[in-house]
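Below, chain A is the first sequence line, B the second, and so on; all start at residue 1. Just so it is clear, the values below take in all heavy atoms, side chains as well, and ignore hydrogens, waters and symmetry mates.
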Amino acid sequence: MKQVYALCDVNAMYAACESVFDPTLVGRPVIVASNNDGCAVARNKEAKALGVKMGQPIFELREHIEKNGLVVCSSNYALYGDMSFRFMQALSACSPRVMPYSIDEAFLDLTGIESVVSYEDFGHQVKDLVKQWTGLPICVGIAPSPTLAKLANHGAKQYPATNGVVDLTDQVRQRRLLSLTPTGEIWGIGSKLSKRLEALGIRTGLQLADADPKWIRKHFSVVVERTVRELNGVPCHTDILEVAPAKQQIVCSKSFGSPVTDLDSMLSAVSHHASRAGEKLRGERRECGYLSVFMSTSRYRATDQYANQKGIALPFPTADSREITRHAVDLARKLWRDGYRYNKVGINLSDFRTPGANQSDFFSQIEDEQRDKDLMVTLDRINSIAGKNSVQFGRQIHKNKSWEMRRENLSPAYTTRWADIPTVKC
DNA sequence: TCTGGGGTCCTAGGACCC
DNA sequence: TCTGGGGTCCTAGGACCC
């Protein structure tokens, strides 16, 4: 049976979450800022109409804030993460095969569904159910390959007449929409590739679809070749509906709320990220064999720039936050150069192993190992019940917390903290 | 003054081995 | 002047995604 995919994607997810719980935002231009209130990462349609660009720095938007009532929300990942979970639950009520692809989108397997209901009607049912359960507006794109489903979703967002659902299982419709779509808007074609394609005379999705896959492979890569095949309705990302593979790396990094110029603050921040990374690693039930630390000054400064990274293959795989922190602090000391205004530090864990599968430290005592593991389990449990960072390591605590994130317009954790649950007045 | 964070996959090139 | 060939593994870097 011919495979059919649906892509369900929340419209301006973060901004939509804010509006669901604060109806005074409805109809006003709203954006959600990245960490440190740095730049715009989500815009509702009113904000897009004002001309706010994705990734635009907040300091460039002052005039819109003052004159046009643009509302800037700090990012509230506790809220968005929980709303995402509810969104996925609603999708699971519609289809037995749901594969979350990111916080605000998921692929559904619609193969064979047409004998029961038309694709378009099904799309509307999903859209209505998500709206009813979560208050979030979504668009649905339906097609014979994931890349075309992405394109269909894009079309549903772009053309209001579609009412948020586009069925692109028909080849004539595929080609019509492809001819209206610049290559840069095709999934998998970014700014670099679209420039190179344009230099060869390929400007639209249709021209790309009609290119010879072998020729594309020779001049670009196997990745672009797959995109070409997908645009012709041949699914290549067939693993998209499979269970997501285990993570291969864990990165924890954040730019500082304000620049860091002393080693103590830097080490406190490194320790903080190292603990977080250890926590994530244990959440995956894995140990890591390789660890690296990177630090840098702002890439937007013209002078006095410094960026560097160092890694270490661990003598024994570990998921113990104390081990990870100790190595991370060592590396950070080696990376540190006096006299710079640092704006970022981060840690990267990789080379994952299954706990117990490898030879452990020859000199350690088995009882000690069990005790260490129990300590980490207890630590994670306390922090999960009492809230993040309820228990921390001494190194993380530092009187100067200027490196911590700025979030000046943070909304309440409406769905994940008892004290923040909204009340309805009748 | 102020410009995000967390991922994936692929490829080229070097080190090393026989 | 002439100086092998082929395979694997690892890493860095580039491109993409949301």
Side-chain angles (χ1 to χ4, degrees), chain A residues 7-14 31-43 52-62 65 72 74-77 80-81 84 100-107 146-147 150 153-154 183-197 217-227 236-237 239-240 244-259 273 276-277 280-281 284 289-290 292 294 296-302 307-313 341 343-352 402 405-408:
Chain A
L7 177 66
C8 304
D9 185 312
V10 181
N11 307 340
M13 163 95 170
Y14 298 170
I31 62 167
V32 174
S34 63
N35 289 328
N36 287 319
D37 296 338
C39 56
V41 292
R43 313 155 290 161
V52 179
K53 299 275 175 287
M54 189 70 174
Q56 195 169 1
I58 303 302
F59 68 84
E60 286 180 12
L61 301 173
R62 182 135 313 148
I65 297 168
V72 179
S74 300
S75 37
N76 182 345
Y77 289 102
Y80 313 148
S84 175
Y101 177 72
S102 72
I103 192 165
D104 71 338
E105 64 190 303
F107 285 96
T147 305
K150 276 277 199 183
N153 191 287
H154 187 252
T183 49
E185 284 171 23
I186 302 290
W187 191 40
I189 308 296
S191 60
K192 299 282 165 84
L193 284 172
S194 60
K195 281 206 184 73
R196 283 175 59 200
L197 285 164
R217 181 175 196 145
K218 204 173 135 203
H219 288 83
F220 294 89
S221 69
V222 63
V223 184
V224 185
E225 182 196 4
R226 284 204 274 260
T227 298
C236 298
H237 297 285
D239 55 350
I240 205 113
K247 274 197 177 61
Q248 307 202 21
Q249 59 172 0
I250 288 172
V251 180
C252 284
S253 88
K254 273 186 184 55
S255 20
F256 300 132
S258 50
H273 296 328
R276 277 284 298 136
K280 286 193 197 176
L281 184 60
E284 296 278 314
Y290 193 87
S292 68
F294 51 92
S296 63
T297 55
S298 169
R299 64 180 189 277
Y300 297 100
R301 283 175 69 87
N308 205 352
Q309 67 98 28
K310 267 189 200 306
I312 180 175
R341 289 164 60 81
N343 101 313
K344 187 173 189 171
V345 70
I347 178 167
N348 189 339
L349 308 182
S350 56
D351 187 18
F352 293 162
S402 61
M405 214 196 302
R406 279 195 310 275
R407 294 203 285 189
E408 284 169 8

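The two residues A/V251 and A/K280 come nearest to each other via the heavy atoms O-NZ, 3.6 Å.
For A/K280 and B/dG7, the shortest distance from a side-chain N or O to OP1 or OP2 is below 4.0 Å. Taking 4.0 angstrom as the limit, A/S253 places a side-chain polar atom (N or O) nearer than this to OP1 or OP2 of B/dG6. Look at A/R196 and you won't find any side-chain N or O under 4.0 angstrom from OP1 or OP2 of C/dC16. In this model, the phosphate group of B/dG6 is not approached by any side-chain N or O of A/K247 to a distance below 4.0 Å at OP1 or OP2. Checking the phosphate oxygens (OP1, OP2) of B/dG5, no side-chain nitrogen or oxygen of A/K254 falls inside 4.0 Å.
Using a 4.0 Å heavy-atom cutoff across all strands shown, A/S258 reaches no nucleic acid atom at all. Using a 4.0 Å heavy-atom criterion, one finds that A/E105 contacts the sugar-phosphate atoms exclusively. Nucleic acid contact class of A/D37 (heavy atoms, under 4.0 Å, all strands): none. No contact: A/L61 has no heavy atom under 4.0 Å from any strand. Using a 4.0 Å heavy-atom cutoff across all strands shown, A/I103 reaches no nucleic acid atom at all. Backbone-only engagement by A/Q248 is indicated by non-hydrogen atom pairs under 4.0 Å involving sugar-phosphate atoms exclusively. Here A/K150 lies in heavy-atom contact (under 4.0 Å) with sugar-phosphate atoms only.
If you check distances only, the side chain of A/R62 does reach the base of B/dT1 with a donor-acceptor pair under 3.5 Å.
When distances run from any side-chain atom of A/W187 to the nucleotides B/dG5, C/dA15, C/dC18, the shortest one goes to C/dC18. The side chain of A/C39 has B/dT3 as its nearest neighbour among B/dG5, B/dG7, B/dT3. Distance from the side chain of A/R226 is smallest to B/dC9 among C/dC18, B/dC9, B/dG7. Here B/dG4 is the nucleotide among B/dG4, C/dA12, B/dG6 with the atom lying nearest to any side-chain atom of A/S255. The listed nucleotides are B/dT8, B/dG4, C/dC18; the one nearest the side chain of A/V41 is B/dG4. Checking B/dC2, C/dC18, B/dG4 against every side-chain atom of A/R299, the shortest atom distance belongs to B/dG4. Nearest nucleotide to the A/V222 side chain, out of C/dA15, C/dC18, B/dC10: B/dC10.
Atom NZ of A/K53 is separated from atom P of B/dG4 by 18 Å (rounded to the nearest Å). C/dA12 atom P lies 11 Å from atom CG of A/N348, rounded to whole Å. If you measure from atom CG of A/N35 to atom C1' of B/dG7, you get 15 Å, rounded to the nearest angstrom. Taking atom CZ of A/F59 as the reference point, atom C1' of B/dG4 lies 14 Å away to the nearest angstrom. To the nearest angstrom, C1' of C/dA15 lies 13 Å from CG of A/L197. The separation between A/D9 atom CG and C/dC17 atom P is 14 Å, rounded to whole Å. The nearest whole Å value for the distance from the NE2 atom in A/H219 to the C1' atom in B/dT11 is 17 Å. A straight line from CD of A/Q249 to P of B/dG5 spans 15 Å, rounded to a whole angstrom.
A 4.5 Å side-chain heavy-atom check between A/W187 and A/H237 finds at least one atom pair inside the cut-off.
Side chain of A/S84 to main chain of A/I103: a donor-acceptor pair is present (N/O by atom type, distance under 3.5 Å, no hydrogens or angles). Judged by distance alone, with hydrogens and angles left aside, the side-chain atoms of A/S221 form no donor-acceptor pair with the main-chain N or O of A/R217 at under 3.5 Å.
If you find the closest nucleotide of DNA chain B to A/S221 and to A/R406, the one lying nearer the 5' end belongs to A/R406. Residues A/D239 and A/P259 each lie close to DNA chain B; by heavy-atom proximity, the contact nearer the 5' end of the strand is made by A/P259.
Taking the six-membered ring for Trp and the full ring otherwise, the centers of A/F352 and A/Y290 sit at least 6.0 Å from each other.
Remark: B/dA15 base-pairs with C/dT8; criterion is Watson-Crick or G-U wobble with both hydrogen-bond distances under 3.5 Å.
A donor and an acceptor atom, one from each side chain of A/S74 and A/D37, are located under 3.5 Å apart.
Nucleotides C/dC18 and B/dT3, compared at atom P, are 25 Å apart to the nearest Å.
The CG atom of A/N343 sits 5.0 Å away from the OG atom of A/S296 when rounded to the nearest 0.5 Å.
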